[in-house]
Amino acid sequence: MPQRDTKPFIIEQLKEGRFDFAAIFGNDHPVELEIGIGKGRFLINEAMRRADTNFIGIEWASRYYRMAADRAAGRHLVNIRFLRDDAAHTVNVNLPDASLSALHIYFPDPWPKTKHNKRRLIQAPFVAQAARVLRDGARVLLATDHEDYAQQMEREFSDSRDFTLASRLIGPDAPEGITNWEQKFRKEGRTMFKFEFLRKVR
Ligand SMILES: C[S@@+](CC[C@H](N)C(=O)[O-])C[C@H]1O[C@@H](n2cnc3c(N)ncnc32)[C@H](O)[C@@H]1O
């Protein structure tokens with residue numbers, strides 16, 4: 001259970017309507033979103049490293065989301081907020097058009113059984129919504145250890161007329177910060193697949 005006051009770090013779920021990021025953060029700095037933050041290691045490190053950027057983390061598991069908010073509170077960060085929701089709902093319903101400067105999705109649940117593949121987050125409707133909420137030139141950073149999901153990620157974003165592939169990496173090197181799962185997978189020597197796409201200019 002959290003030891004600190006995590007309320008200032010929480011964005012309440014919104015069934016309908018769009019978030020007002022300027023009101024939430026009290027400034028108009030660029031906003032980056034991470035979906036499925038786990039314990040929040042990547043996003044908290046980024047918020048500490050880049051004070052002029054605002055960060056939002058969405059996490060479905062309440063235990064993890066509370067843990068991440070507690071960690072942010074312990075570091076007195078002013079540029080990070082957390083939301084407990086289904087990421088697809090948040091992106092589809094709550095995010096304003098052209099409101100994000102980057103989207104981070106690291107090791108999303110792969111739903112490996114064929115009959116469960118339809119539950120994967122990264123599918124054509126999600127990619128269309130990502131195109132709506134990202135600013136021109138915004139970055140999408142993706143990672144997975146699951147080869148079939150890696151192929152699906154690359155295919156869905158490459159098939160979209162709104163994105164262009166900027167980099168494709170297979171192996172352990174992380175171009176940016178490292179998540180908890182990446183750390184675990186590195187120790188296990190697993191192959192990892194990483195992609196960076198850019199939102200084309202409208
Ligand atoms: C495999 S973990 C990876 C966590 C973190 N990205 C990392 O690399 O350490 C996937 C995370 O995504 C969360 N998650 C899965 N589906 C979600 C959804 N629809 N909305 C929000 N979070 C979700 C899970 O609860 C879990 O914490």
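For reference, positions follow the sequence shown, starting with 1.
Ion pairing between Asp162 and Arg199 holds under the 4.0 Å rule for side-chain N and carboxylate O.
Within the 4.5 Å cutoff, the side chain of Gln123 has no heavy atoms near those of the Met153 side chain. Side-chain contact between Leu169 and Phe193 is absent, with no heavy-atom pair separated by less than 4.5 Å. Taking 4.5 Å as the limit, every side-chain heavy atom of Ile58 sits out of range of all side-chain heavy atoms of Ile37. In this structure, Arg66 and Asp70 have side chains that are not in contact, with every pair of non-hydrogen atoms separated by 4.5 Å or more. With a 4.5 Å cut-off on side-chain heavy atoms, Arg139 and Leu141 count as touching. In this structure, the side chains of Leu83 and Phe19 come closer than 4.5 Å at one or more pairs of heavy atoms. Counting heavy atoms from C-beta outward, Leu33 and Leu95 have side chains that approach closer than 4.5 Å. The side-chain heavy atoms of Ile35 and Val91, taken from C-beta on, include a pair separated by under 4.5 Å.
Under the ring pair (Phe, Tyr, Trp, His ring centres under 6.0 Å) criterion, no residue pair touches residues 59-93, with sequence neighbours excluded. Within the structure, the ring pair (Phe, Tyr, Trp, His ring centres under 6.0 Å) test picks out the following pairs touching residues 140-168 (sequence neighbours left out): Phe157-Phe163, Phe157-Phe197.
Under a 3.5 Å cut-off, the side chain of Arg81 and the backbone N or O of Ile24 do form a donor-acceptor pair. The closest donor-acceptor contact from the side chain of Glu59 to the backbone of Ala61 lies under 3.5 Å.
With hydrogens and angles left out, the side-chain atoms of Asp85 and Thr90 include a donor and acceptor closer than 3.5 Å. Counted by atom type alone, Arg155 and Gln152 present zero donor-acceptor pairs between their side chains at under 3.5 Å.
Crowding of Arg202 atom CZ: a count of heavy atoms from other residues, nucleotides or ligands under 6.0 Å exceeding 12. Sparse packing is recorded around CG of Asp28, with 12 or fewer heavy atoms of other residues, nucleotides or ligands lying under 6.0 Å away.
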Item checked: Worked check of side chain to side chain contact (heavy atoms under 4.5 Å, CB included) between Ile105 and Ile122 -> CA-CA 9 Å; Ile105 309 176; Ile122 300 173; 4.2 Å; yes

Note to self: Using the rule given for side chain to side chain contact (heavy atoms under 4.5 Å, CB included), can you reason through Asn27 versus Asn54, listing the C-alpha separation, both sets of side-chain angles and the distance that settles it, and then say yes or no?
What the structure shows: CA-CA 9 Å; Asn27 60 52; Asn54 295 323; 2.8 Å; yes

Item checked: Check against salt bridge (Lys or Arg N to Asp or Glu O under 4.0 Å), Glu182 and Lys194 -> CA-CA 11 Å; Glu182 173 148 6; Lys194 295 172 185 173; 2.6 Å; yes

Check: Going through the distances and angles, do Gln183 and Arg186 end up as a side chain to side chain donor-acceptor pair (under 3.5 Å)?
Finding: CA-CA 5 Å; Gln183 192 183 35; Arg186 278 182 175 208; over 6 Å; no

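Of all heavy-atom pairs spanning Arg18 and Asn92, the tightest one is NH1-O, 3.7 Å. The minimum heavy-atom distance linking Gly17 with Asn94 is given by the pair O-ND2, 2.9 Å. When all heavy atoms of Ala138 and Ala102 are compared, the closest pair comes out as CB-N, 4.4 Å. Summarising the geometry of Ile80 relative to Ala72, their closest heavy-atom pair is CG2-CB, 3.8 Å, with the distance given to 0.1 Å. Closest approach of Val78 to Phe25, counting heavy atoms only: O-CD2, 4.2 Å. Scanning both residues, Glu34 and Leu43, for their nearest heavy atoms gives OE1-CB, 3.5 Å.
With sequence neighbours excluded, the residues satisfying side chain to side chain donor-acceptor pair (under 3.5 Å) with Glu32 are Arg50, His104.
Taking the ring centre of Trp111 as origin, the terminal cationic atom of Arg119 falls inside the region bounded by 6.0 Å and 45° from the ring axis.
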